[in-house]
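Side chains included, hydrogens not; waters and symmetry mates left out as well; all remaining heavy atoms used. Numbering of ligands and ligand atoms starts at 1, following listing order.
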Amino acid sequence: MISVSLDRLVPSHIKRFVPYIPSKPDDVLKKLYGCSRLYRLNNNENPLGPTPEARKVIKGFPPPRASIYPSGDAYHLRYRLAEIYGLHPDQILVGNGANEVITFVIKAFCQEGDNIITADKTFAVYEWVAEFSGFEARVVPLKDYGFDDEGMLQQIDERTKIIFLCNPNNPTGKYWDENRLIRFLDRVAGRQIVVIDEAYFEFVEKDDYPNGITLLNEYPNVVVFRTFSKMYALAGLRIGYLVGDMEVVNIIRRTCVVYSVNGLAQVAALASLDDQEHILRTRELVKQGKEFLERELTNMGLEIVYGEGNFMMIRLPISDSLAYRKLMTQGVMVRTMTGFRFPNWIRVTIHKMEAMEAFMESLQKILSIN
Ligand SMILES: *Cc1c(COP(=O)(O)O)cnc(C)c1O
């Protein structure tokens with residue numbers, strides 16, 4: 001019997017890394033928790049589903065095309081996005097979800113001894129990718145539930161390559177307005193790549209919310225992330241993209257894996273654009289859901305934090321993992337926040353009213369408040 005020399009083979013940063021464990025499939029969970037229904041309120045998915053045009057394209061996808069490699073660089077989608085944003089198509093890189101473009105950027109700019117800066121309580125993938133790639137992630141505490149510009153500027157040193165901003169921030173929903181973002185970019189002054197993750201861009205209605213793409217001319221060190229997973233409800237097909245200055249994107253492109261974005265995702269994404277109606281209906285659903293939850297949770301005396309985006313954070317009087325298990329027995333799945341460094345908070349996706357009511361009923365039951 002041969003044994004693998006794992007101790008010598010595995011780099012120390014991999015030995016240290018604690019892997020993320022995804023949730024089990026619905027059928028398995030229902031059996032495990034003995035529930036007949038399951039509302040997934042854990043991933044900020046859009047309950048309205050894909051746009052009508054995207055549905056048509058998905059339904060009509062010719063099965064023989066499954067045997068053909070897709071466009072290796074999402075050609076038609078990039079050309080359409082470029083037209084919409086007034087950019088050159090080569091300023092856009094499409095990935096297998098925004099998650100994949102995070103890895104592109106880190107691989108393109110970081111080498112041994114380098115670091116990235118982000119917040120301590122934000123989308124965790126920036127930190128994870130940096131760490132399992134062997135780079136230091138400097139996580140700066142949030143201030144008033146938002147990114148702390150001063151705190152982050154202070155952490156910059158010679159080896160800082162990338163600063164990740166999540167605007168609006170998942171999970172708190174707080175955002176930087178245009179003035180604040182510009183002040184920050186002026187002080188960074190091109191010394192680092194500044195990634196602005198706009199995964200929830202289409203949900204934000206505030207006038208002072210900045211569109212990172214419009215800042216590219218002035219600030220060529222900016223890289224903007226967008227995704228089709230949230231507003232456009234294509235999370236299951238895995239497609240997102242980054243936008244940047246031509247020279248910067250030409251560097252990042254060197255780290256892209258061709259064919260990582262499948263053909264169905266590409267055509268469904270292309271068909272999703274231009275549906276303003278879908279965006280308005282989703283925003284309306286989110287608005288109503290937030291109003292309902294805010295009223296109900298405040299009545300229960302629970303502390304909540306939310307802002308832009310289709311999610312809300314709730315502080316519980318019990319442990320978040322216990323609440324998770326209890327809510328699961330009621331057929332409601334939420335996101336525990338201990339992993340986001342918010343112990344005893346949960347994050348709930350804003351869903352259809354029926355699901356919001358089921359969530360409130362279950363929450364009242366498990367906290368035995370009537
Ligand atoms: C959901 C999410 C993403 C990742 O989206 P995918 O395109 O599904 O990989 C990126 N950033 C933030 C802040 C998100 O919430």
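- Salt-bridge formation is not detected for the pair Asp177/Lys206: no Lys NZ or Arg NE/NH1/NH2 atom is positioned less than 4.0 Å from an Asp or Glu carboxylate oxygen.
- Glu202 meets the side-chain hydrogen bond (donor to acceptor under 3.5 Å, both in side chains) test with no other residue; sequence neighbours excluded.
- One finds a salt bridge joining Glu127 and Arg341 here, because a Lys/Arg side-chain nitrogen approaches an Asp/Glu carboxylate oxygen to under 4.0 Å.
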message: Pair Glu53, Lys56 - check salt bridge (charged side-chain N to carboxylate O under 4.0 Å, His left out), show working.
response: CA-CA 5 Å; Glu53 283 304 314; Lys56 257 190 241 164; 3.0 Å; yes

For residues 81-90, run the donor-acceptor check on the side chains, cut-off 3.5 Å, and write out each pair with its distance to 0.1 Å, sequence neighbours left out.
| from | atom 1 | to | atom 2 | distance (Å) |
| --- | --- | --- | --- | --- |
| Glu83 | OE1 | Arg80 | NH1 | 2.4 |
| Tyr85 | OH | Arg226 | NH1 | 3.1 |
| Tyr85 | OH | Tyr241 | OH | 2.6 |
| His88 | ND1 | Asp90 | N | 2.9 |
| Asp90 | OD1 | Arg78 | NH1 | 3.2 |

Please tabulate, line by line, the atom pairs linking an N/O of ligand 1 to a protein N/O at a distance below 3.5 Å, with the distance in Å to 0.1, or answer 'none'.
| from | atom 1 | to | atom 2 | distance (Å) |
| --- | --- | --- | --- | --- |
| ligand 1 | 7 (O) | Ala98 | N | 2.6 |
| ligand 1 | 7 (O) | Thr227 | OG1 | 2.5 |
| ligand 1 | 7 (O) | Ser229 | OG | 3.3 |
| ligand 1 | 8 (O) | Ser229 | OG | 2.6 |
| ligand 1 | 8 (O) | Arg238 | NH1 | 2.8 |
| ligand 1 | 8 (O) | Arg238 | NH2 | 3.3 |
| ligand 1 | 9 (O) | Ala98 | N | 3.1 |
| ligand 1 | 9 (O) | Asn99 | N | 2.9 |
| ligand 1 | 9 (O) | Asn99 | ND2 | 3.1 |
| ligand 1 | 9 (O) | Arg238 | NH2 | 2.8 |
| ligand 1 | 11 (N) | Asp197 | OD1 | 3.4 |
| ligand 1 | 11 (N) | Asp197 | OD2 | 2.6 |
| ligand 1 | 15 (O) | Asn170 | ND2 | 3.0 |
| ligand 1 | 15 (O) | Tyr200 | OH | 2.7 |
| ligand 1 | 15 (O) | Lys230 | NZ | 2.9 |

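- With sequence neighbours excluded, no residue satisfies salt bridge (charged side-chain N to carboxylate O under 4.0 Å, His left out) with Lys59.
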